[in-house]
Structures are given as C-alpha cells and as structure tokens.
Engineer: 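The structure follows.
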Amino acid sequence: MTHRLGSLTAIAAAALLAGPVHAQTAQTVKIGHAAPLSGPMSHWGKDNENGIRLAIEELNAQKLVIGGKPVQFELKSEDDQGDPKQAVVVANQMVDGGVQAMLGHFNSGAAIPAAPIYNKKSIPNLSPATNPGFTELGYNNVFRVLASDADVGAALAELAVNKLGAKRFAIVDDRTAYGKGSADDFAKRIKALGAEVVAQEFTTDKSVDFSAILTNIRGKKPDVIFYGGMDAQGGLIANQMKRLGVKAKLMGSDGLCTAEILKISQGAVNDVLYCSRGGEELAKRPKGADFAKRYHDRFKAEVLTYGPFMYDAMMVVAAAMKKADSTDPAKYLAAVRDVNYEGVTNTFNFDEKGNLKNPGVTAYVYKDGKQTQISYK
C-alpha cells in the first residue's frame, strides 16, 4: 500500500511539473540582422540592432500565437563590417542558420551583394540601404524602409540651388555603393537645376586626411562641397575645411546627418553642414517621443538615426506573419508586400519594387551645437 501511494505521489508531481497537457511549446522564429558592429561605423550598427531588439522584446511580451502555436522571436545579429565580401559570408550563415526574416544589411555595398542569397530562399529582406540599386534587382523579397538616395539627393539639390543660391559645387565620395551612389545622384540633380560641378574627387571610407583634396577644391572656389559617405569621414572633412580656410558649405545625405558628427568635427559643422535624411523628424511623429523614451530607458542611450526604422521593420514582419497566420517566409512574403502598417517612422506601404510609397525627406542645418530641421517634404 505504501509503495502504491508513493507511485501515485510521483505521478502527480510529474504532472504538475509538466503543466497542462494541452500546453504547446513555443515555436522559435529566427530574425536576422547584419550591420557593422565593429570599427568606425559600429554606432550605426548598434543603433539598428537596438531598434530590432526593442521590437522583439515587446512582441515576445505580447505572447503572440501564429499558425496555432505560441511564437518566440529570437535575434541573430552578425557583424558584416560594412564589407561586401563579409556580407556574402554573413548572408550564407544566416540562410544556413534558418532565419525567417532578414533585417539589413545596413550599408548599400553590403545589402546589394547579399540580396541574391536571401532571394533564393524567398526570405523577406527589409533594409535601410539607400542606394536605388537595392530595389532595382528585380527581386520580390526586397523592401527599403526609408527614402532612397534619389529621394534625398533631389531634396538636397533643391535646397542648395533654389534656397541657398549655390551655383558652383565640388563633389567628393568614398567609392562605396552608398557614397558614390549618393554623390552621383546629387551631381545629376544640381546639373539639371543649372548648377556647375567645378571639381570631382574621391577618397575611401577609411581615410582620415583630406588636406590634399580640400586644397585642390579650395582653388576652385565652390559654394558647396557635397560629400558622399559617412559621418566618420564627414566630420573630419568639416574640421579640415575649417583649418584650411575653405569657405564653402558642406552637404551630405543621411550618412552625415547625425549627432555624432558634431563630436567628430569638434563643432566645425556649425553653420557649415546641411544634410537630409529619409523620414520625418522622430519628435514630430505621433509615436516618436514615446519610442525615444522606451529606447532610452532600455539601452541608456539616445536614438541615433535608424533604430526606429529597424524597429518598424521588425513590426512590419510580425504584422505580415500575423496576417498570413504563418512564420514560413514563402507564405508570409506576400503579406509584407501588401502591408499597411502605421509605424513609429512612417506608414508602411510598398510599391511593386519594394520602395515606400511616401518615404518623406527632412533637411537639417547645424547651428549652436544642434541639428535643426529646416524643411520636410
């Protein structure tokens, strides 16, 4: 009798540990992210990663059920160093690791060569890559989550020629897909507005000394120097322009449009730098201030630039999965293309190529150690 009671007690204990017999094990949904997480562009990559991580944590707290099973999102984030070759290596690792969505790559020069790898598996690929070529690949799984270089370049060119009255331009780029693409598009736009390119130079995204380039440009007396590249170099260019007595204004697209450039330039961007980037200023968006607070509370840091866009990218993926009632990339891909999602940064509706239908562009100037909005369209 004692033996039988002991057995019943053991069975009851086991049942309690096991929980309800109808409980289901959560399905793990792997979300890929790739960006430079080391080196001079790591602040961009970390901001992107933070945005995605915040979205995943909030989604997991909702205890979603998709396809009749509880869902647990898991972030797989890799450092592609912003390098095209490393991006291909990372992309293959992501596919082999079974990611069900890819958020990134960040740099256009990384996103474009990596895209065919995700396309072969029909994995939705949402990226902040701004080079227009990303959505010109002919793939139905690529989506850009903000304005392209063409959108941003048009807004900057109009500002430079029509508002600032600039007529003579020097163009410099870092030879990356992003930098060269943005510089070429800007040059095309200002020429169409009747302005003149008096100098065209190039450097690399690793350079730190621009004195030879700037000395040559100084002799051409441009009204504006446009730099196609990132803030790590743009800030140094502004500093060296000041030291060499170059009187031109400096312009750049979203790569230069950061708080970091104030530090890198040691304040030399004040009254010199004009820049533009995709989307409306975060503080002016209905959900912007609340997002910025949640981001700061979670990561003890301020939003840089793309964190909220990548947060939205993750939310778009989750909305598409819920609509399709599936986490299978091939099954929910169509729902991404047809999505209508009101995010932190924008309303997400994609055209047939994967571009946002109404991306919006904001222009800024730097004054008194602050980035100040001057236009939005």
Side-chain angles (χ1 to χ4, degrees), residues 28-42 44-53 55-56 73-146 148-149 175-181 205 230 255 306-307 309-314 316-318 320-321 327-334 336-337 350 353-355:
T28 299
V29 178
K30 297 179 181 179
I31 305 297
H33 165 253
L37 297 173
S38 61
M41 291 188 288
S42 60
W44 296 94
K46 195 62 183 176
D47 184 51
N48 290 1
E49 183 183 84
N50 286 348
I52 300 167
R53 193 175 299 283
I56 284 177
F73 292 104
E74 177 182 287
L75 179 60
K76 180 178 176 60
S77 186
E78 295 289 344
D79 181 9
D80 66 11
Q81 302 165 31
D83 178 76
K85 292 181 180 177
Q86 184 61 22
V88 171
V89 172
V90 168
N92 280 305
Q93 290 174 346
M94 291 288 183
V95 171
D96 291 344
V99 297
Q100 288 143 284
M102 185 63 203
L103 308 183
H105 299 229
F106 169 65
N107 304 81
S108 296
I112 292 172
I117 297 165
Y118 305 116
N119 181 61
K120 287 179 182 177
K121 299 293 185 180
S122 296
I123 297 170
N125 183 189
L126 288 76
S127 172
T130 55
N131 187 298
F134 178 66
T135 51
E136 297 290 338
L137 295 168
Y139 301 150
N140 72 348
N141 70 314
V142 298
F143 304 91
R144 192 194 326 275
V145 298
L146 71 166
S148 73
D149 291 335
R175 295 286 98 171
T176 65
Y178 163 71
K180 186 176 185 303
D205 60 351
M230 307 301 286
Y306 295 110
F309 291 95
M310 301 310 288
Y311 172 93
D312 278 345
M314 181 62 226
V316 165
V317 165
M321 288 179 173
T327 60
D328 182 341
K331 293 181 179 178
Y332 81 82
L333 175 57
V336 178
R337 187 161 296 282
F350 297 107
K353 290 184 177 180
N355 295 304

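Computed over heavy atoms, backbone and side chain alike; hydrogens, waters and symmetry mates excluded. Bear in mind that the values here come from a model prediction, so they are computed numbers and not experimental data. Numbers here are sequence positions counted from 1.
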Engineer: Closest approach of G104 and M310, non-hydrogen atoms and distance?
Structural biologist: N-CE, 3.9 Å

Engineer: Quick check: closest heavy atoms across N141 and R337, and the distance to 0.1 Å?
Structural biologist: N-NH2, 4.1 Å

Engineer: If every non-hydrogen atom of Y332 is compared with every non-hydrogen atom of Q100, which pair is closest and at what distance?
Structural biologist: OH-O, 2.5 Å

Engineer: Less than 4.5 Å apart, any side-chain heavy atom of Y118 and any of V142?
Structural biologist: no

Engineer: Find out whether F134 and N125 are in side-chain contact, i.e. whether some heavy atom of one side chain is under 4.5 Å from a heavy atom of the other.
Structural biologist: yes

Engineer: Should L146 and P128 count as side-chain neighbours, where that means a heavy-atom distance under 4.5 Å?
Structural biologist: yes

Engineer: If you look at every heavy atom in G255 and W44, which pair is closest and at what distance?
Structural biologist: O-CZ2, 3.3 Å

Engineer: So, T130 and D149: side-chain donor and acceptor under 3.5 Å apart, yes or no?
Structural biologist: yes

Engineer: Would you call P36 and D80 a side-chain contact if the rule is heavy atoms closer than 4.5 Å?
Structural biologist: yes

Engineer: I'd like to know whether D47 forms a side-chain contact (heavy atoms from CB on, under 4.5 Å) with F309, so could you lay out the CA-CA distance, the side-chain angles of the two residues, the decisive distance to 0.1 Å, and finally the verdict.
Structural biologist: CA-CA 10 Å; D47 184 51; F309 291 95; over 6 Å; no

Engineer: Do N131 and Y178 have side-chain heavy atoms sitting under 4.5 Å apart?
Structural biologist: no

Engineer: Using a 4.5 Å cut-off on heavy atoms from C-beta on, say whether the side chain of E49 contacts that of L75.
Structural biologist: yes

Engineer: In Å, rounded to the nearest 0.5 Å, how long is the span from CG of D205 to OG1 of T176?
Structural biologist: 6.0 Å

Engineer: When you check the gap from the basic side-chain N to the acidic O, do K76 and E74 get nearer than 4.0 Å?
Structural biologist: no

Engineer: Does a donor on one side chain sit under 3.5 Å from an acceptor on the other, for T135 and N355?
Structural biologist: yes

